[in-house]
> 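Quick one: the structure is below, and I'll ask about it shortly.
Note that these values count all heavy atoms, side chains included, but never hydrogens, waters or copies made by symmetry. Numbers restart at 1 for each chain; the letters A, B, ... are given by sequence-line order, proteins then strands.
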Amino acid sequence: MPTSLPAATAARSGLFALLDCNNFYVSCERVFDPSLEGMPVVVLSNNDGCVIARSNEAKALGIGMGVPYFQVRDLLEFHRVRVFSSNYALYGDMSRRVMSLLMALEPEVEVYSIDEAFIRLPVAGRQQLVKIAADIRRAMWRQLGLPVSIGLGATKTLAKIANREAKRDPAGGGICCLLPGEDHRELLSKTLATEVWGIGARSARRLAAGGIRTALDLALADEDWVRRRLSITAARTRLELQGISCLAMEETPPAKQSIACSRSFGLPITEAAELKAAVFTFLARAAEKLRKQQLLAGCLQVYVGHRGAPGERRLRLTARTVELAPAGADTAALNRAAGAILKELFQPGQQYRKAGVVLAGLTPAAARQGHLFAPQPRAAEPLMGALDRINRRWGRDTIQYAAGLARSWLPRQARRSPAYTTDWHQLPVVR
DNA sequence: TCTGGGGTCCTAGGACCC
DNA sequence: TCTGGGGTCCTAGGACCC
């Protein structure tokens, strides 16, 4: 086993920075409601199911990430924590603003998630790099009102670790640089293996079985052992921790391989017509995304979630997949296929709690394949184009298929804030 | 009573072929 | 009684991410 880290090789390849918006959903709520500043705030997942974002004040109260809402409801009430249902119209729009501002400041940007982006930076002195990061932070705060943290490293994985440290240690001013040639062993030894990007609970258990508990342990572990006992992915992570970059920037997002839409229901559903209405609504959304990306779907999966055997806590999913020949993006044709699947899946008396659709086998619409036996589906194109334009102009579901109208399945959203930035009728009013 | 949603990638195992 | 081996493709399920 090697006892020291290999010399950093970043001079050739430059540096990675990771920008991460602090407590993003909470920060979005705070932008439009300053009374939330300094207060404990949490944001719930869809259906008000569990806690998915917490302000620092809420974290300090011991409210965990992902805990079911009902388990902490009393605690939240006791501490007068402000609770919000998730408002993806708002978060998605704020995310677009973050990313376009960042792209205006920096030439090489990879949007990694709704609240994170990697930035490629040239190798430079610490002072110069800190100034670049500080300028980005200041711009995000002044122009959008959002606090962000920035971590720098020779690899994406090290930039992730630097970012955690930037959040943890306020002395760094929201910035942490792990520069090539410097000794990061202390920070790596304080970072648990589970906290490393790409190492989940299961991998961490396997690593622990081999005596590997920290990021430093993993960086120094035997390559073959990691490769054999875990995976090629973990072996890459090991190299990344050593400062050897294996994960490149992806500035243009790769073409989607699947498009999905699913929801948990606010209340259990027992009627076939209600279940169908839910599935048709999800399909309308998925098909709209499909057409927006100018893709065709080659297969459709529909699944429904219901309670399993008595005593089984987890939701059980039942699914059917059909091939679509020819591939298409016509909502009416997808509805017909979904309707046929639902006839097979539906069981009277069953209580359904969730449903979803997945469009897969995606191909570019421009490369449409002819089909020997089925009629060409192009007739639907003008109709779908008009439908999308009207719904974009006048709001989602202005026009929809009648079988999708029933709304008994709608998720719970008891505490949602207004769509401040994406709906004229919900603009904040200044008095 | 009440536990999200949208993705990607890896692996193992079986089918199939020569 | 004797019963290959290696490669590819596909799929389901799991792990992981935010």
> Of A:D48, A:L36, A:V26, which meets side-chain contact (heavy atoms from CB on, under 4.5 Å) against A:F84?
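Exactly one option meets the side-chain contact (heavy atoms from CB on, under 4.5 Å) with A:F84, and it is A:L36.
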> Is the distance between the ring centroids of A:F16 and A:W197 under 6.0 Å?
no
> Below 4.0 angstrom from OP1 or OP2 of C:dC17, is there any side-chain N or O of A:S113?
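False: A:S113 side-chain N/O out of range (4.0 Å or more) of C:dC17 OP1/OP2.
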> Write down the distance between CD1 (A:I259) and C1' (B:dT8), rounded to a whole number of angstrom.
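Atom CD1 in A:I259 sits about 14 Å away from atom C1' in B:dT8.
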> In this structure, how many angstroms lie between the C1' atom of B:dT1 and the CD atom of A:Q71, rounded?
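Value for this atom pair: 13 Å.
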> Specify the closest pair of heavy atoms between A:M99 and A:S113, including all atoms of both residues, with the distance to one decimal.
CE-O, 3.6 Å
> Nearest-Å distance, CD (A:E323) to P (C:dC10)?
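Atom CD in A:E323 sits about 12 Å away from atom P in C:dC10.
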> Which nucleotide sits closest to the side chain of A:Q257: B:dC9, C:dC17, B:dC10?
B:dC9
> Of the nucleotides C:dC17, B:dG7, B:dT3, which has the atom closest to the A:A260 side chain?
B:dG7
> Between A:S149 and A:N22, is any side-chain donor less than 3.5 angstrom from a side-chain acceptor?
yes
> Walk me through whether A:I132 and A:E106 qualify under side-chain contact (heavy atoms from CB on, under 4.5 Å).
CA-CA 10 Å; A:I132 292 172; A:E106 285 298 325; 3.6 Å; yes
> Among B:dT11, B:dG4, C:dC18, which nucleotide sits nearest the side chain of A:S231?
B:dT11
> Could you give the CD1-to-P distance, from A:I52 to B:dG6, as a whole number of Å?
12 Å
> Could you state the atom-to-atom distance from NZ of A:K256 to P of B:dG6 in whole Å?
12 Å
> Does NZ or CZ of A:R73 come closer than 6.0 Å to the centre of the six-membered ring of A:Y69, within 45° of the ring's axis?
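Yes, a cation-pi geometry.
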> More than 12 non-hydrogen atoms from neighbouring residues, nucleotides or ligands closer than 6.0 Å to NZ on A:K292, yes or no?
no
> In whole Å, what is the span from the NE2 atom of A:H306 to the P atom of B:dT1?
21 Å
> Do A:R168 and A:E195 pass the salt bridge (charged side-chain N to carboxylate O under 4.0 Å, His left out) test, and can you show the C-alpha distance, the side-chain angles, and the key distance before you say yes or no?
CA-CA 13 Å; A:R168 196 195 61 76; A:E195 294 165 346; over 6 Å; no
> If only side-chain N and O atoms of A:R307 are considered, is one of them under 4.0 Å from the OP1 or OP2 phosphate oxygen of B:dT3?
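No, A:R307 has no side-chain N/O under 4.0 Å of OP1/OP2 on B:dT3.
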> Would you write the dot-bracket representation of DNA chain C, where each base gets (, ), [, ], | or . depending on whether it forms a Watson-Crick or G-U pair under 3.5 Å and with which partner?
....||||||||||||||
> With rounding to the closest Å, how many angstrom separate the C1' atoms on B:dC17 and C:dG4?
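Rounded to whole Å, the distance is 14 Å.
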> When we call it a touch if two heavy atoms are under 4.0 Å apart, what does A:R285 touch: a base, just sugar-phosphate, or nothing?
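Answer is nothing: A:R285 stays at 4.0 Å or more from every strand.
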> Base, sugar-phosphate, or nothing: which does A:D115 touch, judged by heavy atoms less than 4.0 Å apart?
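Since only primed, P, OP1 and OP2 atoms lie under 4.0 Å of A:D115, the category is sugar-phosphate.
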> Select base, sugar-phosphate, or nothing to describe what A:S203 touches, counting heavy atoms under 4.0 Å on all strands.
sugar-phosphate
> Would you kindly compare A:P68 and A:E250 by the position of their nearest DNA chain B nucleotide and give the one closer to the 5′ end?
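Its nucleotide being nearer the 5' end, the pick is A:P68.
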> Give the table of side-chain donor-acceptor pairs shorter than 3.5 Å for residues 246-263 of chain A, with sequence neighbours excluded, one pair per line with atom names and distance.
{"from": "A:S262", "atom 1": "OG", "to": "A:Y303", "atom 2": "OH", "distance (Å)": "3.3"}

> Restricting to salt bridge (Lys or Arg N to Asp or Glu O under 4.0 Å), what partner residues turn up for A:E271, sequence neighbours left out?
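Testing A:E271 for salt bridge (Lys or Arg N to Asp or Glu O under 4.0 Å), a comparison that skips the adjacent residues, returns none.
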> Residues in side chain to side chain contact (heavy atoms under 4.5 Å, CB included) with A:A278, at least two apart?
A:F265, A:F282, A:W409
> Looking at residues 261-272 of chain A, who's got a heavy atom less than 4.0 Å off DNA chain B?
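Going residue by residue through residues 261-272 of chain A, the ones with a heavy atom under 4.0 Å of DNA chain B turn out to be A:C261, A:S262, A:R263, A:S264.
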> Indicate, with a heavy-atom threshold strictly under 4.0 Å, whether A:R229 touches base, sugar-phosphate, or nothing.
nothing
> Would you indicate, yes or no, if C:dC18 has its OP1 or OP2 atom less than 4.0 angstrom from a side-chain nitrogen or oxygen of A:K160?
yes
> Of the residues in residues 88-104 of chain A, which ones touch DNA chain B at a heavy-atom distance under 4.0 Å?
A:Y88
> Determine the contact category for A:V196: base if any of its heavy atoms lies under 4.0 Å from a base atom, sugar-phosphate if only primed atoms, P, OP1 or OP2 are that close, otherwise nothing.
sugar-phosphate
> Centroid separation under 6.0 Å, is that true for the rings of A:Y401 and A:F280?
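No, the ring centres sit 6.0 Å or more apart.
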> Which listed nucleotide (B:dC2, B:dG7, B:dT8) is nearest to the side chain of A:K289?
B:dG7
> Using a cut-off of strictly less than 4.0 Å, decide whether A:R353 has a side-chain nitrogen or oxygen near OP1 or OP2 of B:dC2.
yes
> On DNA chain B, does the nearest nucleotide to A:Y303 precede the nearest nucleotide to A:G66 from the 5' side, or the other way round? Give the residue.
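Looking at DNA chain B, the more 5' nearest nucleotide goes with A:G66.
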> Got a sec: does the NZ of A:K354 have more than 12 other heavy atoms crowding it under 6.0 Å?
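Yes, NZ of A:K354 has more than 12 neighbouring heavy atoms, counting only those of other groups under 6.0 Å.
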> Please report the C-alpha distance between A:T214 and A:L188 in whole Å, then the side-chain angles of each, then the deciding distance to 0.1 Å, and finally whether the side-chain contact (heavy atoms from CB on, under 4.5 Å) criterion is met.
CA-CA 7 Å; A:T214 70; A:L188 292 186; over 6 Å; no
> To the side chain of A:T233, which of B:dT11, B:dC10, B:dG5 is closest?
B:dC10
> Roughly, in whole Å, what's the span from CG in A:L247 to P in C:dC17?
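It is 13 Å, rounded to the nearest whole Å.
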> With a 4.0 Å cut-off on heavy atoms, is A:R236 in touch with a base, just the backbone sugar-phosphate, or nothing at all?
sugar-phosphate
> Please state how far atom CZ in A:R316 lies from atom C1' in B:dT3, giving the value in whole angstrom units.
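Distance, rounded to whole Å: 18 Å.
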> Have a look at A:Y112 and say if it touches a base, only the backbone sugar-phosphate, or nothing, with a 4.0 Å heavy-atom cut-off.
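The residue A:Y112 makes sugar-phosphate contact but no base contact.
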> If you look at every strand shown and take non-hydrogen atoms under 4.0 Å, does A:L44 touch a base, only sugar-phosphate, or nothing?
nothing
